[in-house]
Amino acid sequence: MRLSQAFLPTLKEDPADAELVSHKLMVRAGMLRKHAAGIYSLLPIGWRVTKKVAQIVREEMDRTGAQEVLLPIMMPAELWKETGRWEKYGKELFRQRDRHDRDYVLGPTHEEAITDLVRSHVRSYRDLPQNLYQIGVKFRDEIRPRFGLMRAREFLMKDAYSFHVDEAQLNETYERMHAAYSTIFRRCGLTFVVVEADSGAIGGDVNHEFMVTADSGEAEIFASACGYAASSESAKFAWKPFPEEKAEALAEKETPEKRTVEEVAAFLHVMPDRLLKSLVLFGDDEPILAIVPGDRELNEAKLARHLGGAPLRLATGAEIEQLTGGPLGFTGPVGLGGKIRMIVDATIQEGRNYVTGGNRRDTHLLNVRLGRDVTAGERADLTTAKEGDRCARCGEVMAVSRGIEVGHVFKLGTKYSESMAARFLDAEGTERTIVMGCYGIGVTRIVAAAIEQSNDENGIIWPMPIAPYQVHIVPVNAKEARTRETAEALYAALMEAGIEALLDDRDERPGAKFKDADLLGVPLRVTIGEKGLADGIVELRDRKTSAVVRVPVGDAATAVIARVREALKTATS
RNA sequence: CGGGGCGUAGCGCAGCCCGGUAGCGCACCUGCCUUGGGCGCAGGGGGUCGCAGGUUCGAAUCCUGUCGCCCCGACCA
């Protein structure tokens, strides 16, 4: 491509509405333009990179034996009503209505569509397994779109769905997809970790997330020496039990205006772990009282999973008052047994005297004992791991880091096949439900993550396999005949060899060309100028290391081709 | 949805408190000049000041409403 003819609006200054480096650089480098919150156009450079990522994904998917399809973006609401997600998916689901007042959804994911497709064709165990994928646009009405392509309302995703006769067959595919994902992210030049994760609205049981490590990432990762790694929504941790305490008599204590854990702990001169927080939430319609230690945060994802995946919301002050008889800030489990479903965090011990709310204004209870004052019935892991917690497997303190979720693989089991009646006949002639897996990759998010992970003060530094172009030719002075001719000849030779080259044939000052070249981040730059030509050489400059190699004019094409091929090979191996 | 901030030329911003001719830098156009890290000089084009009402002789500026955008929290590829 000739820069003089390219649609490539680069900017000197950061856009005012961008926060993340990757977002700023994508806008500055002329890759991306916004139309509305979370809705973007990809410009030629941005789309080239995206297509390269998609192609890597496609190649690796094909290698696993998966087959590519294209599912509809807009789907009839009926399919979503079948699985219950028309109601359960909530506000994040974009809904549409046609001229006949029929409801549709803009697909945020495609379990319904693919299951509908597969159930109408799979009859026998001989038709299984199947593994189908697509690369397509997804719509999610995010509560808060932000960070450019990182969290958009419309984005490009690769989603795959596999169908099996049983768990064992699913496991095979799951492992193969898991491995393919690692290959994909490695080929994209990304540094990443795989963690155990929460399954959220997709549902299902076992699942893993692929996180590109970056300080700007929204996800928190817990990892320990033994190899255990998990997202903060699901990280399990070990805790040290407190020594058994002598049972003291339950007592009321006036705690005027002391509502928060900090206030109560300070007022009573006890550590926050002595307190129990009692939180009222609503699952489907049923109110829940979740009880967690005062020094830990309730993990809504863990609670939701314990409850079977229904979305949760915290009760309002009025609802709390109605359910417990006391105001917000003074809720406690004592006396509510049988009136409300109580779930007690696993780290709360019998044999310890706790402080809880008294369900009355300005009142807390002392010496509350699990088993004596509160039924210890329903126990679950309800809290989020925190800095300093130890690994549940090896007991070592876990390291905390941040990451960007770029891929997620799930074992769905029969969650969708059951509700949508996707069945087959096994070898004995018995009708059975198909076992499913699903596998997602945020294609446009990978583009953002790659920049997030590889940039400097001058701009983007692309890994060769996903770079928009492989080499950027800069004739220092395009008006100087020998310079121009040498650049043109090199450009032609590279095109001939199938190398993706960008030629800056604009009548710009050298400085402007160099700045744009750094901003665009093409891995290899060839500088051609009178100075070098006087010595019979051109310069090859590495964007990442800034290392410059002087090459005889006649060898330039060969040298560039070798460098590009080498860089592509290293990334693939 | 709750909390905070911002809408003035393509981009980045000033002007608003204290009402009276709409400005600056970059970008763009023309000419000259210049060519190894965003050259220089001269001339020029471009605005319903987000939108709608109100106050006023007069509103970018004050008041009310509304829409949009950004940041912090709950959602996720």
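Letters A, B, ... mirror the listed sequences (proteins, then strands); counts begin at 1.
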Give me the distances for all protein-to-nucleotides 25-30 of chain B N/O pairs that come in under 3.5 Å?
residue, atom, partner, partner atom, Å
B:G25, N2, A:Glu13, OE1, 3.4

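- In this structure, the nucleotide among B:C76, B:U35, B:C75 sitting nearest to the side chain of A:Glu92 is B:C75.
- Taking only distance into account, the side chain of A:Arg525 meets the base of B:G37 through a donor-acceptor pair shorter than 3.5 Å.
- In this structure, A:Phe514 does not count as stacked on the base of B:G36 under the 5.5 Å centre distance and 30° plane angle limits.
- With B:G38, B:C76, B:G73 as the choices, the nucleotide that has an atom nearest any side-chain atom of A:Glu405 turns out to be B:C76.
- A donor and an acceptor atom, one from each side chain of A:Tyr133 and A:Asn131, are nowhere located under 3.5 Å apart.
- Out of B:G36, B:C71, B:G38, the shortest distance to the side chain of A:Phe147 is found at B:C71.
- With no hydrogens or angles considered, a side-chain donor-acceptor pair links A:Asn299 and A:Thr384 at under 3.5 Å.
- In this structure, A:Glu60 does not pair ionically with A:Lys158, as no charged nitrogen and carboxylate oxygen lie closer than 4.0 Å.
- Distances were taken from every side-chain heavy atom of A:Asp516 (C-beta onward) to each of B:U35, B:G38, B:G36; the shortest belongs to B:G38.
- If you check B:G36, B:C39, B:G38 against the side chain of A:Arg509, the one that comes closest is B:C39.
- For A:Asp14 and B:G12, a side-chain-to-base donor-acceptor distance below 3.5 Å is absent, hydrogens and geometry of angles not being considered.
- One can find a donor-acceptor pair under 3.5 Å joining the base of B:C76 and the side-chain atoms of A:Arg445.
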With 3.5 Å as the limit, what N/O pairs link the protein to nucleotides 3-6 of chain B?
none

Begin from the C-alpha positions of A:His472 and A:Phe514 and carry the test ring-ring contact (aromatic ring centres under 6.0 Å, His included) through to its verdict. CA-CA 10 Å; A:His472 189 138; A:Phe514 293 146; 9.4 Å; no

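- For A:Trp462, the ring-ring contact (aromatic ring centres under 6.0 Å, His included) criterion is met by no residue, not counting sequence neighbours.
- For A:Arg144, no side-chain nitrogen or oxygen approaches OP1 or OP2 of B:C75 to under 4.0 Å.
- Here B:C70 presents its C1' atom at 13 Å from CG of A:Leu20, a figure rounded to the nearest Å.
- Here the P atom of nucleotide B:G36 and the CG atom of A:Asp518 are 17 Å apart, to the nearest Å.
- Nucleotide B:A77 holds its C1' atom 13 Å from the CG atom of A:Asn207, rounded to whole Å.
- Atom NE2 in A:His408 sits roughly 10 Å away from atom P in B:C76 (whole-Å rounding).
- We find that A:Arg525 and A:Glu539 are not joined by a salt bridge, their nearest charged nitrogen and carboxylate oxygen being 4.0 Å or further apart.
- Ion pairing between A:Lys34 and A:Asp17 holds under the 4.0 Å rule for side-chain N and carboxylate O.
- A salt bridge does not link A:Glu405 with A:Arg151: none of the charged nitrogens is closer than 4.0 Å to a carboxylate oxygen.
- A:Ser234 and A:Glu196 share no donor-acceptor pair across their side chains, judged by distance under 3.5 Å alone.
- In this model, the phosphate group of B:C75 is not approached by any side-chain N or O of A:Arg151 to a distance below 4.0 Å at OP1 or OP2.
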